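Being a predicted model, the structure only gives us computed values, none of them experimental.
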Amino acid sequence: MAHEVSGDTKSLLNPTVQAAGPPPIPDYKKRFSFLLRCVSTAALGSLMLGYDQGIISGALVPIEEHFQLTEFEAEMMTSSITFTSIIGSFIAGSFADFFGRKVALLVASVIFFLGSLGMGLAPNYAALITWRCISGIGVGMGLVICPMYCAELAPRSLRGTLTSFNEMFINIGIPLAYLANLLLSGISQDDWRYMLMSGAIPAAGLFVAACALPESPRWLMKNRHPERAETIVRQLIHPSETPETVQRVTKRILSDIDRDMQTAALRDSMRDLSRQNSFFGSMSKEVASWLDVFRRNKKVALIGMSFAIFQQAIGTDAVLLYSVHTLTSFGVSNQTALITTLCMGLSKLVFTMMASSLVDHPSIGRRKPLLIGATGCICGLCIVAISTSFAFSSSSAAGFIIGYVVFMSSFGFSYGPLCWLILAELFKGQSRSKALSLGSVLNRLASFAVTAVYLSCVRWFTLPGTYIGFAVIALFALSFSATCIPELAGRRLGSAAHSARSMSLASRNISNLSKLSTDSPSKGAHQLA
C-alpha cells in the first residue's frame, strides 16, 4: 500500500522547508537613500582594513631596504597589525554593546588615524611595529562593528546586499591603496612614509561621516530606548507610504526586534546594564556571556567559527600582503607588480559587487555564489602553483599573475562578502555581537598564523609547494561549505538554530529510512505507515 508523506515528514527530510515563523513584515517602499548613507558610512570601518592591506603590500619592499630587515622582522612587521586586530575584535562586541555601535565606530576611526600618522613618522623599526599594533586595534574593531551594524539596520529583503557592503568596502580600500602606492612610489627616498600616512585620510573621513550616523535600532531597543528606535525605523520607510502603512510596518519591525530579545532573563540583564555607572562594573552582567555563544546552539557556533577560520586559512591575506614581494622575488618588475596588485584589487571589487547583487535573489541565495567562488579559489591557487614551478619567463609570469587574479576574483565572489553576512545571520540578537567578535578573533588568528610564517614557508617548501598547501586547505573549505553552511536568504536573523536542528533531524531520518529499506522493505513500509 502506497503511503502519502506528510508535510511534517517533508520538512524534516528537506532542510530547506522552513517551519512556520512569525508573520511576514508587510511589503513597503524602502528609503534607499537613507539606507545607503548609513550602511556606506559604517562600511568605511572595513575600508580601513583593505587600505592597510593594500598599502603595506607596496610599502614592504622599500621598508625592508630602509631598515635592513631580516625575513623574520619583515614577517612580524607585516603581520603585527593582524595580531593586534584580534584584540580589537575581542573588545569590539562588549564595547559596542555598552557604548553603542556608533561610538564604537568613532573610536575605531580615531585609533586608526593616530596609528597611520605614527607609522609614517616612525624613526625606527620598534616605533613602526608599535604604531602598526595600535592601528590593528582600530582595524579589528571596525571589522566587527561594520557587519553588525549593517545586519541590524538592513531590512530582511536587503540584508544580504547591504551586509555585503562590509567586504565591498574592504575591496574598495585595497585598489585605492594600490593606486596610492603607484602614485607615491618614487616621489622621495622615504616614499613608504607617505604611503603609510595616507591611511589617515579614510580614517578621518569615517570619523566625520559617523558623527551624523544614527544608532542601531536593535541596540536602542536592547538598552530601553524604544522611542529613539521607532524614530530610526520610520526613517527606513519611504515618505510616499501612507501613515497607516508606516505605523503598521514600524510596529511589525519593532515587534520582530523584540522577538529577538524575547526571554525575561535577557530583559532583566538589560535593566541591570542600564543602571550601571561604569563600563568595567557592568562586564559581569553583559547582554550575553561569551559562553552563551556556544551554549545556545553548539552546532551553529562550530559552523560559524570554522567558517571564519577557513576564510583566512586558504592564504587570502598572504596573497594580499605579500603580493608585490612575492611577484618581485619571482622576477616580475616592481612597476609590473604594483600594476598587477591594482588589477587584483579591482577584479576582487567587481566580483564582490556581483555577489552582493545576487545573494538576495530567491533563486540564488548565499550557497550558490559561495560554492562557485570556493571552486574558483582552488583553481587560482593551482594555477599559481603550476606557473611558479617553472623558471621565470614571460609565460610563467603571465600564468602567475592570472592565478592571482583568478584567486582574488573568486574570493571576492564567495568567502569575502559571505563570511560576515553568514556569521551575522547565524546568531540571535543577544549573542550576535559576541559571536561576531569571536568569529573575527578566530579569523584574525588564522590570518596571523598564515602571514607570520608565509616567507618562511616559501623558503622551506618553495613557492609552488606553499600554494599547493593553500589549495589543499581550500579543498577542505569547499567541502565544509557544501556540507555544513545552510541557506539563510530571506530568513529572520538568528533563525539558523532551527536550520541546524532540521538538518540534524533530516540526517537521522534519512539514515533510519535507509536502514529500514535495507533490512526489510515491507517492515520499513509498515513502520512508516
Side-chain angles (χ1 to χ4, degrees), residues 41-60 62-64 66-67 69 73-92 95-96 99 103-146 166 169-170 172-174 176-178 180-181 184 190-211 317 320-321 437 440-441 443-445 447-448 451-452:
T41 299
L44 286 172
S46 297
L47 185 142
M48 296 189 299
L49 172 62
Y51 198 88
D52 178 81
Q53 289 176 326
I55 280 294
I56 198 60
S57 177
L60 178 58
I63 288 174
E64 282 182 300
H66 182 88
F67 291 116
L69 301 183
E73 288 173 333
E75 287 176 330
M76 288 301 101
M77 192 274 297
T78 303
S79 60
S80 58
I81 196 169
T82 304
F83 182 75
T84 53
S85 70
I86 297 168
I87 300 173
S89 298
F90 192 77
I91 66 174
F95 193 92
F99 291 106
V103 173
L105 275 173
L106 289 169
V107 171
S109 66
V110 170
I111 294 173
F112 192 77
F113 178 86
L114 296 175
S116 296
L117 293 181
M119 286 189 289
L121 298 173
N124 51 48
Y125 173 74
L128 175 61
I129 202 169
T130 299
W131 282 109
R132 276 190 68 74
C133 289
I134 292 172
S135 295
I137 296 174
V139 167
M141 290 181 68
L143 196 61
V144 172
I145 297 162
C146 172
N166 173 53
F169 271 70
I170 291 176
I172 291 173
I174 291 171
L176 277 178
Y178 288 154
N181 287 337
L184 297 173
D190 290 336
D191 53 359
W192 61 270
R193 293 187 183 275
Y194 299 101
M195 294 177 184
L196 296 179
M197 283 193 290
S198 67
I201 298 173
L206 171 60
F207 183 87
V208 172
C211 288
D317 279 357
L320 283 172
L321 298 175
S437 284
S440 183
V441 166
N443 179 271
R444 295 293 87 200
L445 273 173
S447 173
F448 176 74
T451 56

Could you check whether any side-chain heavy atom of Phe112 comes within less than 4.5 Å of a side-chain heavy atom of Ser116, counting everything from C-beta outward? yes

Do you know which two heavy atoms are closest between Asp191 and Pro62, and how far apart they sit? OD1-CB, 4.0 Å

Working to the nearest 0.5 angstrom, can you tell me the gap between Glu75 CD and Leu321 CG? 11.5 Å

Distance col, row Arg193:CZ vs Ile63:CD1, nearest 0.5 angstrom, shows 9.0 Å

In terms of relative ring orientation, are Tyr125 and Phe67 parallel, tilted or perpendicular, with 30° and 60° separating the classes? perpendicular

Working note: Val139 + Thr84, criterion side chain to side chain contact (heavy atoms under 4.5 Å, CB included); need CA distance, chi angles, decisive distance, verdict. CA-CA 9 Å; Val139 167; Thr84 53; over 6 Å; no

Within 6.0 Å of CZ in Phe448, more than 12 heavy atoms from elsewhere: yes

When every non-hydrogen atom of Val144 is compared with those of Ser440, the smallest separation belongs to CG2-CB, 3.4 Å

pair Arg444-Leu49: side-chain heavy atoms closer than 4.5 Å: yes

Say whether, by atom type as modelled, one donor and one acceptor occur between the side chain of Ser85 and the main chain of Gly136 under 3.5 angstrom. no

Walk me through whether Leu60 and Met77 qualify under side chain to side chain contact (heavy atoms under 4.5 Å, CB included). CA-CA 9 Å; Leu60 178 58; Met77 192 274 297; 3.5 Å; yes

Which value, rounded to the nearest 0.5 Å, describes the distance between Leu105 atom CG and Leu206 atom CG? 6.0 Å

Indicate whether the side chain of Ser198 and that of Tyr51 have a donor and an acceptor atom separated by less than 3.5 Å. yes

Side-chain contact, heavy-atom cut-off 4.5 Å: Leu320 with Ser57? no

Could you measure the distance from the CD1 atom of Ile145 to the OG atom of Ser89? Nearest 0.5 Å is fine. 9.5 Å

Please lay out, stage by stage, how Ile134 and Leu114 fare under the test side chain to side chain contact (heavy atoms under 4.5 Å, CB included). CA-CA 8 Å; Ile134 292 172; Leu114 296 175; 5.6 Å; no

Find out whether Ser135 and Met119 are in side-chain contact, i.e. whether some heavy atom of one side chain is under 4.5 Å from a heavy atom of the other. yes

Heavy-atom pair with the smallest gap, counting every atom of Ala104 and Met141: O-CE, 3.8 Å

Hey, does Arg132 have a side-chain heavy atom less than 4.5 Å from the side chain of Asp52? yes

How far apart are the closest heavy atoms of Ile170 and Ser46, and which atoms are they? CG1-O, 3.3 Å

If every non-hydrogen atom of Leu106 is compared with every non-hydrogen atom of Ser109, which pair is closest and at what distance? O-OG, 2.6 Å

Hey, could you give me the CZ/CD1 distance between Phe169 and Ile172, rounded to the nearest 0.5 Å? 4.5 Å

Return the minimal non-hydrogen interatomic distance between Asp190 and Tyr194, and the atom names on each side. O-CD1, 3.6 Å

Look only at the side chain of Ser447 and the backbone of Asn443, and say whether a donor-acceptor pair between them is shorter than 3.5 Å. no

I need the Met48 CE to Ile111 CD1 distance, nearest 0.5 Å. 8.5 Å

